[in-house]
Amino acid sequence: QVQLVESGGGSVQAGGSLRLSCAASGYTYYSSYYMGWFRQAPGKAREGVAAIDSHGSTSYADSVKGRFTISKDNAKNTLYLQMNSLKPEDTAMYYCAADARIVSLEHWVGSVPLADYWGQGTQVTVSS
C-alpha cells in the first residue's frame, strides 16, 4: 500500500519561506516514479505546481518559476518543495502526488491533475 504523507505547511507573511516534505512508503521502486506537487485554493480547481522525474529533471508552473524548487531524496523516499518569496495567491492546500507513467513533466504540471497516488495535503496560508 503506497502512502504519501505531506508536512511542513503553515502560516507565513508575504515574502516568507516554507519547505514542504512528502514522505513516501510502500514503494518497491520509489526512485523510478514521477513525483509532483499540486495545490488547490478554495473555490478553485487543483493545479500543478512542480514535478520531478527519476533523473532529476524538473518542470514548474509559470506562477512559481524562480520562487519554488522541487527536489527529492531517494535514500529517504522523500520529496521536497522549497517555497521562497511567498505571495498571498500561493495560499492553498498542497498535495504530493506520484505516478508511474506520464506524458511529460510539462504536461503533468499543466494539464488536469491525475496521479496514481495522492497525499492528504498540507495547508499553506500566506498573509499580506
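Note that the structure is predicted; figures quoted are calculated from it, not measured.
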Give the cluster check for Y95 versus M35: same hydrophobic cluster or not, with ILVMFWY residues linked at side-chain heavy-atom distances below 4.5 Å. no
Closest approach of A23 to T78 (non-hydrogen atoms, all atoms of both residues): CA-OG1, 4.3 Å
When clusters are formed from ILVMFWY side-chain contacts under 4.5 Å, directly or step by step, what else is grouped with Y80? none
Could you give the distance from CD1 (I52) to OG (S71), rounded to the nearest 0.5 Å? 6.5 Å
Under 3.5 Å donor-acceptor, S111 side chain and H107 backbone: yes
If you measure from OG on S59 to OH on Y34, what distance do you get to the nearest 0.5 Å? 12.5 Å
Check: E6 side chain, T122 main-chain N or O, donor-acceptor pair, under 3.5 Å: no
Once disulfide bond (SG atoms under 2.5 Å apart) is applied, what residue pairs with a partner in residues 57-95 remain, sequence neighbours excluded? none
Minimum heavy-atom distance K72-D53, with the two atoms named: CD-O, 4.1 Å
List, by chain and number, the other hydrophobic cluster members for V109, where Ile, Leu, Val, Met, Phe, Trp and Tyr join if side-chain heavy atoms come within less than 4.5 Å, directly or indirectly. none
Which residues, ordered by chain and number, are linked to V5 in its hydrophobic cluster, where ILVMFWY side chains connect at heavy-atom gaps below 4.5 Å, directly or through other members? none
What do the steps show when you test L20 against V124 for side chain to side chain contact (heavy atoms under 4.5 Å, CB included), and what is the final call? CA-CA 9 Å; L20 306 184; V124 172; 4.0 Å; yes
Table please: side-chain donor-acceptor pairs of residues 86-94 below 3.5 Å, with sequence neighbours left out.
residue	atom	partner	partner atom	Å
D90	OD1	R39	NH1	3.0
D90	OD1	R67	NH2	3.0
D90	OD2	R67	NH1	2.7
D90	OD2	R67	NH2	3.4
D90	OD2	K87	N	2.8
T91	OG1	P88	O	2.9
T91	OG1	V126	N	2.9
T91	OG1	V126	O	3.4
Y94	OH	R39	NH1	2.9
Y94	OH	D90	O	2.6

Are W37 and C22 packed together at the side-chain level, in the sense that at least one heavy-atom pair is separated by less than 4.5 angstrom? yes
Listed once per pair and sorted, the salt bridge (charged side-chain N to carboxylate O under 4.0 Å, His left out) pairs that draw on residues 94-107, sequence neighbours left out: none
Flag side-chain contact, heavy atom, 4.5 Å: I70 against L79: yes
Applying side chain to side chain donor-acceptor pair (under 3.5 Å), which residue pairs with at least one partner in residues 16-25 are found, sequence neighbours left out? S17-N84
Going by side-chain heavy atoms closer than 4.5 Å, which hydrophobic residues are tied to V103, directly or by a chain of links? none
To check you understand the geometry: which heavy-atom pair defines the closest contact between L4 and C96, and what is its length? CD1-O, 3.8 Å
Y117-L105 co-clustered via ILVMFWY side chain contacts under 4.5 Å: no
I need the full list of salt bridge (charged side-chain N to carboxylate O under 4.0 Å, His left out) pairs touching residues 108-118, with sequence neighbours left out, sorted by first then second residue. none
Filter on ring-ring contact (aromatic ring centres under 6.0 Å, His included), then keep only pairs touching residues 49-74, sequence neighbours left out; what's left? none
D62: partners by salt bridge (Lys or Arg N to Asp or Glu O under 4.0 Å), with sequence neighbours left out: K65
If the condition is side chain to side chain contact (heavy atoms under 4.5 Å, CB included), which residues does A97 pass it with, not counting sequence neighbours? F38, W108, A115, W118
